[in-house]
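We name chains A, B, ... by the order of the sequence lines, and we start the count at 1 in each one. Hydrogens, waters and symmetry mates are skipped; everything else that's a heavy atom, side chains included, is used.
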Number of protein chains: 2
Amino acid sequence: MRREIAPCCQEQQIHPEALEKVRSLLPPDERLYDLAELFKIFGDSTRLKILYALLEGELCVCDLAGLMAVTQSAVSHQLRVLKNSKLIKFRREGKTIYYSLADSHVERILSQGMEHIEE
Amino acid sequence: MRREIAPCCQEQQIHPEALEKVRSLLPPDERLYDLAELFKIFGDSTRLKILYALLEGELCVCDLAGLMAVTQSAVSHQLRVLKNSKLIKFRREGKTIYYSLADSHVERILSQGMEHIEE
DNA sequence: TAAACATATGAATAAATGTTCATATATAGA
DNA sequence: TCTATATATGAACATTTATTCATATGTTTA
């Protein structure tokens, strides 16, 4: 039989005092958005593989393409994403372009993630 | 004018020795996939906001819905995602369900990400 | 300058994902 | 048992996103 449908949380907020405190400590929306954008970058196994590969040192696009099961084009597209987020940098040497990690944050973020998984 | 198109990396791999080393140190594909899944969770500002809110302590679904600009349904869906990834846990108290962070990894992953953004 | 190679990029496509709406389920109280 | 409230869930939809294909750009060497 049908039952009445109620909108949620009619009694105002259930814990207004907790909510007030949380609200005041929360990072601004814009910052949360940027942070989400950053983690989104790490949320793809192709990009993760590239980052892990670069932990050992610089590699060129062909090396990376040879390492992964995707086309050179796909690698190149993903390198651009990583470059735009300042997670990797590059240098040119003739026809070849060498990519490497931008800083040590990448390694630390990867490790924290791995730790969580490995339990 | 048209120029000939060449497939990439014809000369075998450019740096075979580097590639060999990288290949041997790379985490297995399955693990990279799992790690990507984890970071994917952090790659959404709604979920990030929930996680940051829970840093201060437990909150019920209505509290969280009140905090965000989305429906109770959306919050509930996201809570399930977070629950499935073992990032949050919950306890029931009558009609109300209180959610809280599962462990301290969440906080550390968030901090590492923030550090990168804040430069 | 023409050919060859390394890398980048635009368009198209398929798959994944977040939100809402409608409604189901669980619990408490009358 | 009936009603009200808190939370969960399935379906539909719109948006994002990763990949491939075709081709463009940049660099070296003949």
Side-chain angles (χ1 to χ4, degrees), chain A residues 1-15 32-33 36-37 39-50 58-66 68-85 88-99, chain B residues 1-15 32-33 36-37 39-50 58-66 68-85 88-99:
Chain A
M1 74 241 53
R2 292 297 242 51
R3 292 193 293 174
E4 287 309 305
I5 303 162
C8 176
C9 310
Q10 287 191 310
E11 325 267 313
Q12 312 297 83
Q13 259 80 50
I14 301 195
H15 309 90
L32 287 176
Y33 187 80
E37 287 302 304
F39 284 124
K40 223 171 275 184
I41 309 289
F42 286 84
D44 176 83
S45 54
T46 298
R47 287 191 290 263
L48 281 187
K49 199 165 191 173
I50 292 175
E58 65 178 13
L59 289 172
C60 73
V61 180
C62 278
D63 290 337
L64 289 167
M68 344 248 313
V70 292
T71 60
Q72 174 268 323
S73 177
V75 172
S76 203
H77 278 298
Q78 298 304 353
L79 285 171
R80 181 169 42 161
V81 172
L82 293 168
K83 203 167 54 183
N84 287 344
S85 320
I88 61 176
K89 55 189 185 349
F90 67 97
R91 70 182 177 86
R92 166 158 239 147
E93 192 176 309
K95 282 178 296 188
T96 307
I97 297 187
Y98 292 93
Y99 281 92
Chain B
M1 74 241 54
R2 292 297 242 50
R3 291 194 293 174
E4 287 310 307
I5 302 162
C8 175
C9 309
Q10 288 190 310
E11 327 266 315
Q12 313 297 82
Q13 258 80 48
I14 302 195
H15 309 90
L32 288 176
Y33 186 81
E37 287 303 303
F39 283 124
K40 223 172 273 184
I41 308 290
F42 287 84
D44 176 82
S45 55
T46 298
R47 288 191 290 264
L48 282 187
K49 201 165 189 172
I50 292 176
E58 65 178 13
L59 289 173
C60 73
V61 181
C62 277
D63 290 336
L64 289 167
M68 344 245 318
V70 292
T71 61
Q72 173 269 324
S73 177
V75 172
S76 203
H77 278 298
Q78 298 303 353
L79 285 171
R80 179 169 44 160
V81 172
L82 293 168
K83 204 167 52 184
N84 288 342
S85 321
I88 61 176
K89 56 188 183 353
F90 67 97
R91 70 182 179 87
R92 165 158 239 147
E93 193 176 308
K95 284 179 294 187
T96 308
I97 297 188
Y98 293 92
Y99 282 92

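- Closest to the side chain of A:Lys40, from the set D:dT17, C:dT20, C:dT7, is D:dT17.
- Between A:Arg91 atom CZ and C:dA6 atom P there is a gap of 16 Å when expressed in whole angstrom units.
- Residue A:Glu58 contributes atom CD, which lies 15 Å from atom C1' of C:dA6 at whole-angstrom precision.
- Under 4.0 angstrom from either OP1 or OP2 of C:dG18 there lies at least one side-chain N or O belonging to B:Arg47.
- To the nearest angstrom, P of D:dT19 lies 13 Å from CG of A:Leu64.
- Between A:Leu79 and A:Tyr99 the shortest heavy-atom distance is CD1-CE1, 3.6 Å.
- In this structure, B:Ile41 and B:Arg47 approach most closely via the heavy-atom pair O-NE, 2.7 Å.
- Counting heavy atoms of neighbouring residues, nucleotides and ligands inside a 6.0 Å radius, atom CZ of B:Phe90 does not exceed 12 of them.
- As judged by a 4.0 angstrom heavy-atom cut-off over every strand, A:Phe90 is placed among residues making no nucleic acid contact.
- Atom CD1 in B:Ile97 sits about 11 Å away from atom C1' in C:dT25, given to the nearest Å.
- B:Tyr99 comes within 4.0 angstrom of the backbone, heavy atoms only, and of no base.
- For A:Phe42 and D:dA18, the CZ to P distance is 14 Å, given to the nearest whole Å.
- Under the salt bridge (charged side-chain N to carboxylate O under 4.0 Å, His left out) criterion, A:Arg92 pairs with no residue at all, not counting sequence neighbours.
- At whole-Å resolution of the value, CG in B:Asp63 and P in D:dA6 are 11 Å apart.
- Look at A:Thr96 and you won't find any side-chain N or O under 4.0 angstrom from OP1 or OP2 of C:dA6.
- Remark: A:Ser73, A:Ser76, A:His77, A:Arg80 in residues 73-80 of chain A come within less than 4.0 Å of DNA chain C through at least one heavy atom.
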Distances for protein N or O near nucleotides 28-30 of chain D N or O, under 3.5 Å:
none

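- Partners of B:Lys89 under the side-chain hydrogen bond (donor to acceptor under 3.5 Å, both in side chains) rule, at least two apart in sequence or in another chain, are B:Ser100.
- A straight line from CG of A:Asn84 to P of D:dT17 spans 13 Å, rounded to a whole angstrom.
- Contact of B:Gln72 with D:dA8 (side chain to base): a donor-acceptor pair of N or O atoms is detected under 3.5 Å.
- In this structure, CG of A:Asp44 is placed 11 Å from P of C:dT17, rounded to the nearest angstrom.
- Checked against side chain to side chain contact (heavy atoms under 4.5 Å, CB included), B:Ser76 has the following partners two or more places apart in sequence or in another chain: B:Gln72.
- Residues passing the ring-ring contact (aromatic ring centres under 6.0 Å, His included) test with B:Tyr33, sequence neighbours excluded: none.
- Across all their heavy atoms, A:Ser45 and B:Ala36 have their closest contact at N-CB, 3.6 Å.
- Classified by interplanar angle (parallel below 30°, tilted 30° to 60°, perpendicular above 60°), the ring pair A:Phe39/B:Phe39 is parallel.
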